[in-house]
Amino acid sequence: MERAELASLLTPDGMALLDELAGQDTAGDIVATVTRLRKAGHDPDLVAAALTQSRLRARARVKFGEFAERMLFTQAGLEQATRIRAAAMHAGRYLASNLSRVADLGCGIGGDAMAMAAMQIAVTAVEADEVTAAIATHNLAPFASAHVVRGRAEDADLSDVDAVFFDPARRTSGHAETTRLTDPADYSPHLDTVFEVARRLPTGIKLGPGFDRDLIPDDMEAQWVSVDGSVVELMLWSGSLARDGITRAALVLSDDGSPELTAAADSADEPVRDLGAVLYEPDGAVIRARLIGDLARQLEAGPISEGIAYLTSDAHTATPFASAFRVVERLPLDEKVLRRWVKGNDIGTLEIKKRGVDIDPAAFRKRLNPRGTASATLVLTRVAGRHTALVVERV
């Protein structure tokens with residue numbers, strides 16, 4: 001989004017057009033929609049900007065729910081924004097620590113600052129990019145306890161805050177198509193700056209879930225967060241925001257709640273055991289946090305093979321930290337054998353999961369040629385070191 005596009009949207013005509021488009025299906029016949037709006041007298045550039053915002057708002061409902069209907073976005077800003085449930089968790093951590101004045105350094109479109117302000121935390125949201133800062137100002141306008149400052153995170157005045165939140169830019173600059181930065185040395189602000197502030201003030205740092213564990217400071221709590229089965233972030237907490245005795249945590253957010261597995265350190269693995277009646281697939285946050293061993297002990301389970309993050313046991317134990325499957329059949333991981341099995345069992349809908357084998361599930365499914373009426377789930381993995389296909393049913 002360019003400055004002129006944003007300026008047009010922030011006019012009374014722009015806001016009125018966005019309100020008019022709210023709830024309409026703008027993903028259908030674009031030509032007809034554009035023609036109708038132009039005939040109504042709307043400026044062509046404004047129509048284009050409003051339709052782009054309408055589509056971004058529709059996509060944003062996954063992250064922001066009903067709040068998306070009054071927010072503004074850039075494509076890049078939406079992609080990098082924190083989901084509202086995770087943002088509420090962040091804000092709750094500050095509230096529980098009695099930290100009431102927070103600097104959100106690199107606030108983006110303002111998702112985390114919104115969650116903090118909704119909890120009556122005074123937020124100074126700092127953003128270097130002019131357009132993004134203007135969008136954050138719009139999104140935070142309903143909250144009296146938040147204000148936006150345009151500037152670099154490195155230059156922010158921290159004399160009047162008691163805590164900091166960082167979301168370092170992990171993609172190239174821009175408002176539309178951006179590229180993920182693979183080297184943490186390229187993050188903005190630089191991690192040296194981030195960690196230096198974290199040593200002085202209670203700080204939360206949002207990073208990608210695949211962040212290099214060797215770069216995590218020993219005195220910080222590392223919390224991996226999954227939302228509805230997908231690992232979305234790694235949060236590092238310092239100072240009073242870090243919980244005593246916890247350096248590893250896996251938080252699992254879903255409609256069923258927010259259970260958490262915590263530990264003082266990476267957990268020791270359980271020994272490999274024989275395949276039992278039940279197979280567990282640990283949540284990605286548990287795997288990233290390296291707490292599979294602790295989960296295995298809770299479930300009286302063990303790994304099915306060395307270095308494979310599937311667990312097995314003889315009886316099912318319900319847990320929010322793993323998906324459970326009943327093992328129906330064990331087959332060799334042989335394409336000809338599996339193709340015959342698919343045909344012989346009239347399989348038409350075939351889910352393929354894999355771990356520890358070099359197979360493209362989509363291509364492999366196509367080669368197995370499922371054309372029947374039944375459905376099945378195959379797990380392609382290693383059991384006791386051997387390549388194996390397991391036929392499983394969800395518990």
Side-chain angles (χ1 to χ4, degrees), residues 208-214 222 224-226 228-232 234 248-252 259 261-263 265-338 341-342 350-365 367-368 376-395:
F211 182 76
D212 186 348
R213 292 171 59 97
D214 290 338
W224 284 263
V225 181
S226 73
D228 298 327
S230 296
V231 189
V232 297
L234 162 63
R248 299 290 180 263
L251 178 64
V252 178
L261 195 61
T262 63
D266 294 355
S267 66
D269 289 334
E270 283 290 285
V272 173
R273 59 168 293 170
D274 293 338
L275 182 67
V278 179
L279 183 76
Y280 295 98
E281 182 180 29
D283 186 272
V286 175
I287 296 173
R288 292 282 189 182
R290 295 185 183 170
L291 298 180
I292 298 175
D294 285 348
L295 176 61
R297 286 180 279 278
Q298 287 186 9
L299 301 174
E300 297 184 349
I304 61 174
S305 192
E306 193 72 35
I308 299 296
Y310 285 127
L311 301 173
T312 187
S313 68
D314 295 326
H316 174 241
T317 301
T319 176
F321 302 114
S323 300
F325 303 86
R326 183 172 66 87
V327 178
V328 177
E329 192 171 353
R330 178 175 178 172
L331 300 167
L333 209 173
D334 181 286
E335 189 172 322
K336 292 181 180 179
V337 172
L338 293 176
W341 182 90
V342 166
L350 182 61
E351 177 187 19
I352 296 181
K353 306 175 77 65
K354 66 119 179 183
R355 193 176 295 279
V357 294
D358 186 17
I359 290 176
D360 179 343
F364 195 72
R365 182 188 302 106
R367 295 200 299 272
L368 294 183
T377 299
L378 282 179
V379 176
L380 312 181
T381 187
R382 297 199 306 270
V383 176
R386 293 186 176 184
H387 286 85
T388 304
L390 301 175
V391 182
V392 300
E393 293 177 345
R394 292 182 182 274
V395 176

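Residue numbers run from 1 in the order of the sequence given.
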So which heavy atom on [X] is nearest to which on [Y], and how close?
| X | Y | value |
| --- | --- | --- |
| Val395 | Arg326 | CG2-N, 3.6 Å |
| Ser313 | Tyr280 | OG-CE1, 3.3 Å |
| Ala389 | Leu338 | CB-CD2, 3.8 Å |
| Ala301 | Arg273 | C-CD, 4.0 Å |
| Ile287 | Pro282 | CD1-O, 3.6 Å |
| Ile304 | Arg382 | CD1-O, 3.3 Å |

Checklist entry - More than 12 non-hydrogen atoms from neighbouring residues, nucleotides or ligands closer than 6.0 Å to CZ on Arg386, yes or no? => result no

Item to check | CD/Glu329: more than 12 non-hydrogen atoms of other groups inside 6.0 Å | outcome: yes

So do [Y] and [X] actually touch side chain to side chain, heavy atoms under 4.5 Å?
| X | Y | result |
| --- | --- | --- |
| Phe364 | Leu350 | no |
| Val391 | Leu378 | yes |
| Thr377 | Glu393 | no |
| Leu390 | Leu275 | yes |
| Val383 | Ser305 | no |
| Val379 | Phe325 | no |

Let me confirm one number: the [atom1]-[atom2] distance from [X] to [Y], rounded to the nearest 0.5 Å.
| X | Y | atom1 | atom2 | result |
| --- | --- | --- | --- | --- |
| Thr381 | Leu279 | OG1 | CG | 8.0 Å |
| His387 | Asp334 | NE2 | CG | 12.5 Å |
| Asp360 | Lys354 | CG | NZ | 7.5 Å |

Checklist outcome for this item: salt bridge (Lys or Arg N to Asp or Glu O under 4.0 Å) filter on Glu281, not counting sequence neighbours, yields Lys353, Arg355

Checklist entry - Any donor and acceptor pair, going by atom type alone, linking the side chain of Thr312 with main-chain N or O of Val278 inside 3.5 Å? => result yes

Checklist entry - Would you say Arg288's side chain and Ala250's backbone share a donor-acceptor pair under 3.5 angstrom? => result no

Checklist outcome for this item: The complete set of side chain to side chain donor-acceptor pair (under 3.5 Å) pairs with one or both residues in residues 289-303, sequence neighbours excluded, reads Glu270-Arg297, Asp294-Arg297

Checklist outcome for this item: Sorted by chain and residue number, the side chain to side chain donor-acceptor pair (under 3.5 Å) partners of Arg394 (sequence neighbours excluded) come out as Glu351

